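Below you'll find the structure, written out as structure tokens, and then a few comments.
By convention here, the first residue in the shown sequence is residue 1. Values reported hereafter were calculated over all heavy atoms of this structure, with side chains retained and with hydrogens, waters and symmetry mates removed. Predicted model, so just to flag it, every value in this text is computed and none were measured.
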Amino acid sequence: MQINKKSMLLVPGFFLTSCVTNTATNALMPDVSSSDPVELENKSNISQTKPHSLVDPTGMTAAHNQWRSKTGVPALKWSDTLAQDAQQWAEHLTENGCHPKDSGGKYGENIYLAGPAINSDGNITVQDITAQNVVDSWGDEIKDYDYKDNSCKFVCKHYTQIVWKNTTEVGCGMATCADKSQIWVCQYTPTGNMAGEKPY
């Protein structure tokens, strides 16, 4: 799994992960294993009650489609099923140390972790993060993507998942951690970042 740290004003931590579960590997595939016994055991213990997504479907879908329109690929549609799964995984992560981790599921997945804001008076609060902020952080990785070579200079798998031509649906969830960090999870189907293929 790739984790990208970036500094933000008044923000102790900001991480991104992008994961897909295809077993093939190339420059666009993350270094994850969905067959880790501990990971599978943890996933099997997740409550089967699926919470409603805490993410605005219209805003999140529009943010994705802004980036997709730049490449000419078809717009994504919101999936309540994906959103429920993404929300469930976000809740699981916040209840288990608030560490960004691949769900190991069958969907493409981008994860965003933002640390809390530390105010000038020392109070710690939840950052005001929007769907646009989240998606733009992934989309900005375009600067690290070499289309000709289909390779990442640094981190770009979040971007390529967003604009993956065969992906048709997205669903996202968000949960707040005990320390007032927040985790956003977006899941995609069909999954992107397939070995040997360009995103568009």
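- One distance of note links CD of Q161 with CE of M194; it measures 10.5 Å at 0.5 Å rounding.
- N65 places a side-chain N or O within 3.5 Å of a backbone atom of L76 that can act as its donor or acceptor partner.
- Looking only at distances, a side-chain donor or acceptor of D121 sits under 3.5 Å from a matching main-chain atom of N123.
- In this pair, W184 and Y112 present their aromatic rings perpendicular. The plane angle is above 60°, beyond the 30 to 60° band.
- By the side chain to side chain contact (heavy atoms under 4.5 Å, CB included) test, D128 is found to be paired with no residue, residues two or more places apart in sequence or in another chain being considered.
- By the 4.5 Å heavy-atom criterion applied to side chains, D140 and Y159 are not counted as neighbours.
- Side chains of L54 and Q87 form a contact here, defined as non-hydrogen atoms less than 4.5 Å apart.
- For K198 (side chain) and Y147 (main-chain N/O), a donor-acceptor pair under 3.5 Å exists by modelled atom type.
- Taking CG of L93 as the reference point, atom CD1 of I111 lies at 5.5 Å (rounded to 0.5 Å).
- A side-chain donor-acceptor contact under 3.5 Å links E141 to the backbone of H158.
- A distance-only check finds no donor-acceptor pair linking the side chain of E169 to the backbone of L82 [under 3.5 Å].
- Atoms CG and CG, from N110 and N193 in turn, are 8.0 Å apart once rounded to the nearest 0.5 Å.
- How far CD of E109 is from CG of D85: 9.5 Å, rounded to the nearest 0.5 Å.
- Remark: side-chain polar atoms of T167 are paired, donor with acceptor, to backbone N or O of P190 under 3.5 angstrom.
- Under a 3.5 Å cut-off, the side chain of Q182 and the backbone N or O of Q127 do form a donor-acceptor pair.
- The shortest side-chain heavy-atom distance between C98 and I183 falls under the 4.5 Å cut-off.
- D179 places no side-chain N or O within donor-acceptor distance of the main-chain N or O of P116, the cut-off being under 3.5 Å.
- Note that OG1 of T61 and CZ of R68 are 11.0 Å apart. Values are rounded to the nearest 0.5 Å.
- Contact of the H92 side chain with the K101 side chain is not registered, since no non-hydrogen atoms from C-beta on lie closer than 4.5 Å.
- Here the options are W138, Y188, W78, the test is side chain to side chain donor-acceptor pair (under 3.5 Å), and the partner is H64; only Y188 passes.
- With hydrogens and angles disregarded, a donor-acceptor distance shorter than 3.5 Å links the side chain of N133 to the backbone of T130.
- Separating the OG1 atom in T176 from the CD atom in E91 is a distance of 8.5 Å, to the nearest 0.5 Å.
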